[in-house]
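It should be emphasised that the depicted structure is a prediction, and the values quoted were computed from it without experimental measurement. Computation of the quantities below employed the complete heavy-atom set of this structure, encompassing side-chain atoms and omitting hydrogens, waters and symmetry-equivalent molecules.
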Amino acid sequence: MEFFPIFLKLRQQRCLVVGGGEVALRKTRLLLAAGASLRVVAPELAPELADLAESGELEYVSGRYSPALLDGLRLVVAATDDAEVNRAVAADAEARGILVNVVDDAEASRYISPAIIDRSPLMVAVASGGSVPVLARSIRARLESLIPAGYGRLARFGASFRDAVKARFPDVDARRRFWETVLEGPLADAVMNGDEAAARAEMEARIAAGGADRAGAVYLVGAGPGNPDLLTFRALRLMQQADVVLYDKLVAPELLELVRRDAERIYVGKARANHALPQDDINQLLVELARQGKRVLRLKGGDPFTFGRGGEEIATLAESGVAFEVVPGITSASGAAAYAGIPLTHRDYAQSVTFVTGHKQDGTIDLDWQALTRPQQTVVVYMGVSTAAELCQAFVDNGRGAATPAAAVEWATTERQRTVCGTLATLPGLMASHGIASPALIIVGEVVELADKLAWYRRSENSAVTIQED
């Protein structure tokens with residue numbers, strides 16, 4: 001190793017930053033966050049550094065660097081724009097055995113500052129040996145998405161039980177197994193979500209019971225409209241932690257590639273009049289799997305509470321006493337409209353938007369047509385492909401003009417996306433001739449006129465095709 005990674009305790013330790021510009025400011029923020037007793041020397045200070053000095057958060061020495069400023073220090077940062085001054089600071093610090101960092105000069109530095117993920121007291125540092133700092137920052141950005149802010153709270157929670165766990169489980173292996181069950185699962189989720197009182201009661205019961213089997217839980221996760229980049233951080237973490245995943249037809253194959261490799265996968269897809277597994281059976285399966293102590297991921301396209309039957313599923317879980325969490329996702333209407341270049345609202349075209357489902361559970365269409373045919377409104381129809389002709393005719397029969405713009409967006413946000421634009425009179429025929437199939441949404445309203453001008457999503461010659469009516 002070129003550099004030995006350590007973490008320094010700098011609280012109330014005397015440190016010096018040489019320089020008063022923006023680079024010095026970045027280093028100053030880090031040292032103050034670590035509790036250092038900080039002095040900054042420079043002929044003049046950047047405005048924010050001057051504010052920190054004025055508020056008493058640091059001591060400002062106006063003037064140029066001199067070796068006498070190093071007396072009694074723990075750590076020094078050379079952050080001027082003069083390489084000779086920086087090297088002189090480094091040589092003087094080395095002679096006194098003081099840790100020194102020269103910004104952007106790893107060769108002259110005794111230590112380097114890594115890219116930091118701060119989940120105090122949990123800290124993660126990433127360094128490239130000073131050779132490619134941008135790479136370290138890029139890796140940090142990836143890790144940020146995998147380490148939620150609540151991990152700091154979880155670390156503090158665990159620390160408060162450390163002695164009690166050690167006393168209850170003197171065997172090292174037993175203690176490790178106990179912590180593994182605690183730090184992943186409903187108890188840890190409760191801590192990170194802020195319900196520490198319930199987590200504390202559960203932790204005390206688990207310690208008293210000697211580490212009973214892990215309790216299961218169900219996570220209803222919105223997978224978004226299809227593009228993996230549109231997943232929430234929380235969704236991605238749970239996908240990589242799940243023991244078993246229940247997914248349906250609306251979940252894009254690319255998303256399943258992000259699920260933990262050894263997780264059991266159960267397809268419970270539903271299409272009109274063709275249910276792989278009836279809804280009641282899905283509800284009960286979720287309960288049974290959780291009672292086996294598994295972390296169960298119910299992965300749903302779009303958002304679980306927007307035509308996703310999430311409410312039905314968690315009602316059964318609540319009645320059965322199974323722990324659950326709902327993770328919202330970008331609903332398909334938002335994703336499809338954005339990637340097709342169709343604003344759902346626009347002050348010149350539509351002042352409201354309404355989401356409806358294309359058919360009831362028995363396959364019939366029963367909508368409030370008076371409300372849906374009002375002017376200056378956008379209507380998005382979920383699950384309307386199979387009834388597109390009846391839907392479009394119903395809009396016309398209830399007062400929307402046959403020339404009202406309408407579009408269908410298939411496989412929205414993915415490389416297979418196709419958008420067919422026409423009118424209420426022509427859209428069903430266009431969908432049929434171009435083979436538009438589920439998953440697809442229908443958008444009705446004057447905002448569809450903007451699709452030709454605002455469509456922006458083009459990943460390749462064959463992707464994100466927009467088909468306009470001749």
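Leu424 CG to Thr373 OG1: the interatomic distance, rounded to the nearest 0.5 Å, is 11.0 Å. Interatomic distance, OG1 of Thr378 versus CD of Glu446, reported as 8.0 Å (0.5 Å rounding). Ile147 CD1 to Leu122 CG: the interatomic distance, rounded to the nearest 0.5 Å, is 6.5 Å. Here Leu367 contributes atom CG and Thr354 contributes atom OG1; the two are 10.5 Å apart, rounded to the nearest 0.5 Å. Distance CG/Leu285 to CZ/Arg298: 9.5 Å, rounded to 0.5 Å. Between Ser320 atom OG and Glu288 atom CD the span is 9.5 Å, to the nearest 0.5 Å.
Shown here is Asp104, whose CG atom has no more than 12 heavy atoms of other residues, nucleotides or ligands within 6.0 Å. By the 6.0 Å contact criterion, CZ on Arg162 is open, its count of non-hydrogen atoms from other residues, nucleotides or ligands being 12 or less. With a 6.0 Å radius and a threshold of 12 heavy atoms from other residues, nucleotides or ligands, Arg142 has its CZ atom at or below the threshold.
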Intermediate values then yes/no, salt bridge (Lys or Arg N to Asp or Glu O under 4.0 Å), Arg416 and Glu254: CA-CA 12 Å; Arg416 289 171 288 175; Glu254 296 87 347; 3.6 Å; yes
Worked verdict on Gln284 versus Asp280 for side-chain hydrogen bond (donor to acceptor under 3.5 Å, both in side chains): CA-CA 6 Å; Gln284 291 304 315; Asp280 288 344; over 6 Å; no
Residues Thr426, Thr423; criterion side-chain hydrogen bond (donor to acceptor under 3.5 Å, both in side chains); working and verdict: CA-CA 5 Å; Thr426 62; Thr423 66; 3.1 Å; yes
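A perpendicular orientation is assigned to the rings of Tyr349 and His346, their planes being inclined by more than 60° (bins at 30° and 60°).
Side-chain atoms of Leu344 and Val447, non-hydrogen and from C-beta on, never get closer than 4.5 Å to each other. Thr28 has its side chain within reach of Leu52: a pair of non-hydrogen atoms, C-beta onward, lies under 4.5 Å apart. Side-chain contact between Phe305 and Pro328: absent, with no pair of heavy atoms (C-beta onward) separated by less than 4.5 Å. Between Gln376 and Arg347, every side-chain heavy-atom pair lies at or beyond the 4.5 Å cut-off. Considering only heavy atoms from C-beta on, Phe395 stays 4.5 Å or farther from Thr404 through its side chain. Side-chain contact check for Asn193 versus Val191: every heavy-atom pair is 4.5 Å or farther apart.
Although no hydrogens or angles enter the test, the distance criterion places no donor-acceptor pair under 3.5 Å between the side chain of Glu410 and the main chain of Ala440. Under a 3.5 Å cut-off, the side chain of Arg265 and the backbone N or O of Val245 do not form any donor-acceptor pair. Here the side chain of Asn101 pairs a donor or acceptor atom with the backbone of Tyr111 at under 3.5 angstrom. Formation of a donor-acceptor pair under 3.5 Å by the Arg418 side chain with backbone atoms of His434 is found in this model.
Separation of the Tyr339 and Trp456 ring centroids falls under the 6.0 Å cut-off. Taking the six-membered ring where the residue is Trp, the centroids of Phe324 and Tyr219 are separated by 6.0 Å or more.
The existence of a salt bridge linking Glu144 and Arg119 is confirmed by a sub-4.0 Å separation between a basic side-chain nitrogen and an acidic carboxylate oxygen. Under a 4.0 Å N-O distance rule, the pair Asp189/Arg234 qualifies as a salt bridge. Using a cut-off of 4.0 Å between Lys/Arg side-chain N and Asp/Glu carboxylate O, Arg260 and Glu264 are scored as not salt-bridged.
For the residue pair Lys300 and Arg309, the shortest heavy atom distance occurs at NZ-C, 4.2 Å. The shortest heavy-atom contact between Pro225 and Ile330 is CD-O, 3.5 Å. Closest of all the heavy-atom pairs between Gln240 and Leu258 is CG-O, 3.5 Å. Of all heavy-atom pairs between Ala127 and Pro114, the closest is CB-CB, 4.1 Å. Minimum heavy-atom separation, Ala412 to Val409: CB-CG1, 3.8 Å. Nearest approach of Gly158 to Trp179, heavy atoms of both residues: O-CH2, 3.4 Å.
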